[in-house]
Amino acid sequence: MKALIWLSLILLVGCDANAPYRNDIGQTCSEHKSGCGSFLEHHKNYDLGFIEFTERGNDFHPENTAKLMDEIKKYAQDPGVAVIVFVHGWKNNASTENDNVKQFQQTLALVSSPRVIASRRLIGIYIGWRGESLSGWGVKELTFWDRKAVAEEVGRRGVTSAFLDLRSAIGEKNNSLLLITGHSFGAAVTLSALQSTLMERMRVAENGGELKPFSDGVVLLNPAIEANQGLILKESSMRIGYLDKPQPTMMYVLSSRADYATNRLFPLGQNLGVNLTWSHTVLQRNYYGFKYALSEMDLDNTTIGNYALFNTEYIKDQDTTQVEKLPPITALSEENMPKLGKWEFISYCVPKAKLATLKNNFTDRLPCFDQDPINFISVPASFIASHNDVFNSHVNAFIVSVVLKARFYNFDGAMTDRLKRVPAACRKGEQFDFEGCFNLYQPILEAMEQKNTQAN
């Protein structure tokens, strides 16, 4: 009976084929009526490659992927290549008509400026999967559960291999860089692909070894991932931070408090899915003398970026006329808060030495240390207005600053050479200045964004 219902829905509303949109022909493909294009686009100041995966996580065209890797290797050593990866989310694909594809193209056009990537060749990599399986009649929402499962499967299989190939193609200790971003269920793809690698590297650091980031930045934007998937990463991040030694940042999680999809729809979907099939308990945890009772149901119903106990940083409006209902989180200190444009940037992380004196402050979040390698950042509507508003100039400036911070610290050479790796505004003495870097690039990118909008 259930099969007949699904068959009737498919006949009425349409089914998006489990087939690629991108090939070496370009304009046409037999499985789709429209939206087909080349797996490698050459634009004025950048190239854009597409890697697409089946529902089981297999690369549709590994021979085309190999060509993309060769293209990256060609520029990796001289003058260097900047590779930006974007993994799309639910209700999207790699069609030429897809909004995510168009927005990623616009973003690449903006950051291709020499003021952002210097002399490097810019290559974007768009990771495509069947994020949209049904269309029409408002039934896309009914695909929440199976698309979530597919996203995690695709990540664990083919995307893991693709990320490793990209890391190898770019090489080490050169002028090239790699940034990986994932949005919504695309963040689930990204985390599924990288989680084992991240955990392995973080375990080394927990045991006193060197923490080696996988790339120059991993950024999850409005991730549709349950906090349960991130608990072991958060716990490892705390253990590394507690060592109280300088550490590189492994991953950034940016979630908007205005994101209706992850704040409202995700919990509903989880209640109708996971909570009907799994048995939950309450985890009793003791972190450095602070006791917590963590409900597995809450961990499953809340996304990794909206789970208040994970928060390490909090961006809020400086404009006091902006009325916002804030979550029950008490800042440790609001003195000398960095100003990112029109926003204040609050960190809840503290030096290990201060931990014992702040017992009353760790009641509504887990302990957080200055050297935690994973940042969970909550942002307001003015920074990310909605679930899909992840290509704006604020987000782009934040990501550019993330990459430059990594380029500054992930360098073994002399300090004089390290200082040359970033603009003067991005450093303060011999330290990286995130505030100065964001405030340098945000108005540049915003002006370019407005110019492009007017031109179109």
Side-chain angles (χ1 to χ4, degrees), residues 181-185 187-188 190-192 194-195 198-199 202 205-206 217-242 247 249-259 261-264 266-267 270 274 280 282-316 326-332 345-350 352 355 358 361-380 383-384 387 398 402:
T181 63
H183 169 239
S184 186
F185 280 166
T190 303
L191 187 58
S192 294
L194 290 176
Q195 187 154 14
L198 295 178
M199 280 305 307
M202 291 170 74
E206 286 183 44
V218 176
V219 183
L220 306 184
L221 300 164
N222 282 338
I225 310 165
E226 58 267 44
N228 224 348
Q229 297 282 0
L231 180 59
I232 58 172
L233 286 170
K234 173 62 178 177
E235 290 177 329
S236 179
S237 182
M238 285 191 291
R239 288 192 292 268
I240 294 171
Y242 188 74
Q247 303 286 0
T249 304
M250 298 289 282
M251 185 170 71
Y252 298 82
V253 179
L254 260 69
S255 288
S256 174
R257 301 188 287 278
D259 179 5
T262 59
N263 281 285
R264 296 289 183 267
F266 186 90
Q270 290 291 88
V274 172
H280 294 94
V282 176
L283 305 174
Q284 302 299 325
R285 291 288 191 267
N286 187 323
Y287 301 118
Y288 314 107
F290 303 98
K291 295 182 179 180
Y292 299 86
L294 306 180
S295 164
E296 286 188 324
M297 183 173 289
D298 288 345
L299 285 162
D300 270 337
N301 286 351
T302 314
T303 64
I304 192 172
N306 294 321
Y307 190 65
L309 286 171
F310 283 1
N311 283 163
T312 58
E313 283 88 14
Y314 196 86
I315 294 177
K316 71 173 188 177
L326 301 179
I329 298 177
T330 305
L332 297 179
F345 190 67
I346 304 171
S347 174
Y348 298 127
C349 301
V350 299
K352 176 183 174 181
L355 185 65
L358 296 168
N361 295 91
F362 289 116
T363 57
D364 44 26
R365 65 189 173 280
L366 303 185
C368 167
F369 305 101
D370 287 346
Q371 302 300 333
D372 280 16
I374 300 181
N375 294 353
F376 298 86
I377 306 170
S378 175
V379 307
F383 201 91
I384 298 179
H387 184 61
F398 188 93
V402 163

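The basis for the numbers below is simple: all heavy atoms, side chains too, and nothing from hydrogens, waters or symmetry mates.
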- Taking atom CD of Gln270 and atom CG of Leu299, what is their separation to the nearest 0.5 Å? 11.5 Å

- Task: Mind running side chain to side chain contact (heavy atoms under 4.5 Å, CB included) on Cys349 and Glu313 for me, showing each step along the way?
- Result: CA-CA 8 Å; Cys349 301; Glu313 283 88 14; 4.2 Å; yes

Measure across [X] and [Y] and return the closest heavy-atom pair with its distance rounded to 0.1 Å.
{"X": "Pro380", "Y": "Ile315", "answer": "CD-O, 3.1 Å"}
{"X": "Pro373", "Y": "Met202", "answer": "CG-CE, 4.1 Å"}
{"X": "Met199", "Y": "Ile232", "answer": "SD-O, 4.1 Å"}

Short question: side chain of [X], backbone of [Y] - any donor-acceptor pair under 3.5 Å?
{"X": "Arg257", "Y": "Ser378", "result": "yes"}
{"X": "Gln195", "Y": "Gln229", "result": "yes"}
{"X": "Asn263", "Y": "Ser256", "result": "yes"}
{"X": "Ser192", "Y": "Ala188", "result": "yes"}
{"X": "Asn306", "Y": "Thr302", "result": "no"}

- Item | Step-by-step side chain to side chain contact (heavy atoms under 4.5 Å, CB included) determination, Val253 to Ile225 | CA-CA 11 Å; Val253 179; Ile225 310 165; over 6 Å; no

- Item | Identified side-chain contact (heavy atoms from CB on, under 4.5 Å) partner of Ile374 from the options Val218, Leu198, Leu233 | Leu233

- Step by step, would you call Phe376 with Thr312 a side chain to side chain contact (heavy atoms under 4.5 Å, CB included)? CA-CA 5 Å; Phe376 298 86; Thr312 58; 4.2 Å; yes

- Item | Pair Arg365-Tyr314, side chain to side chain donor-acceptor pair (under 3.5 Å): steps then yes or no | CA-CA 12 Å; Arg365 65 189 173 280; Tyr314 196 86; over 6 Å; no

Do [X] and [Y] come within less than 4.5 Å of each other through their side chains, counting heavy atoms only?
{"X": "Thr190", "Y": "Leu220", "result": "yes"}
{"X": "Phe345", "Y": "Lys316", "result": "no"}
{"X": "Val282", "Y": "Gln284", "result": "yes"}
{"X": "Ile304", "Y": "Leu231", "result": "no"}

Quiz question: by atom type and distance under 3.5 Å, do the side chains of [X] and [Y] form a donor-acceptor pair?
{"X": "His387", "Y": "Thr262", "result": "no"}
{"X": "His280", "Y": "Asp300", "result": "yes"}
{"X": "Thr303", "Y": "Glu226", "result": "no"}
{"X": "Tyr242", "Y": "Gln371", "result": "no"}

- Query: Does the separation of the ring centres of Phe369 and Tyr288 fall below 6.0 angstrom?
  - Reply: yes

- Who are the ring pair (Phe, Tyr, Trp, His ring centres under 6.0 Å) partners of Tyr307, not counting sequence neighbours? Phe310

- Apply side chain to side chain contact (heavy atoms under 4.5 Å, CB included) to Phe398 and Ile377, showing your working. CA-CA 12 Å; Phe398 188 93; Ile377 306 170; 3.6 Å; yes

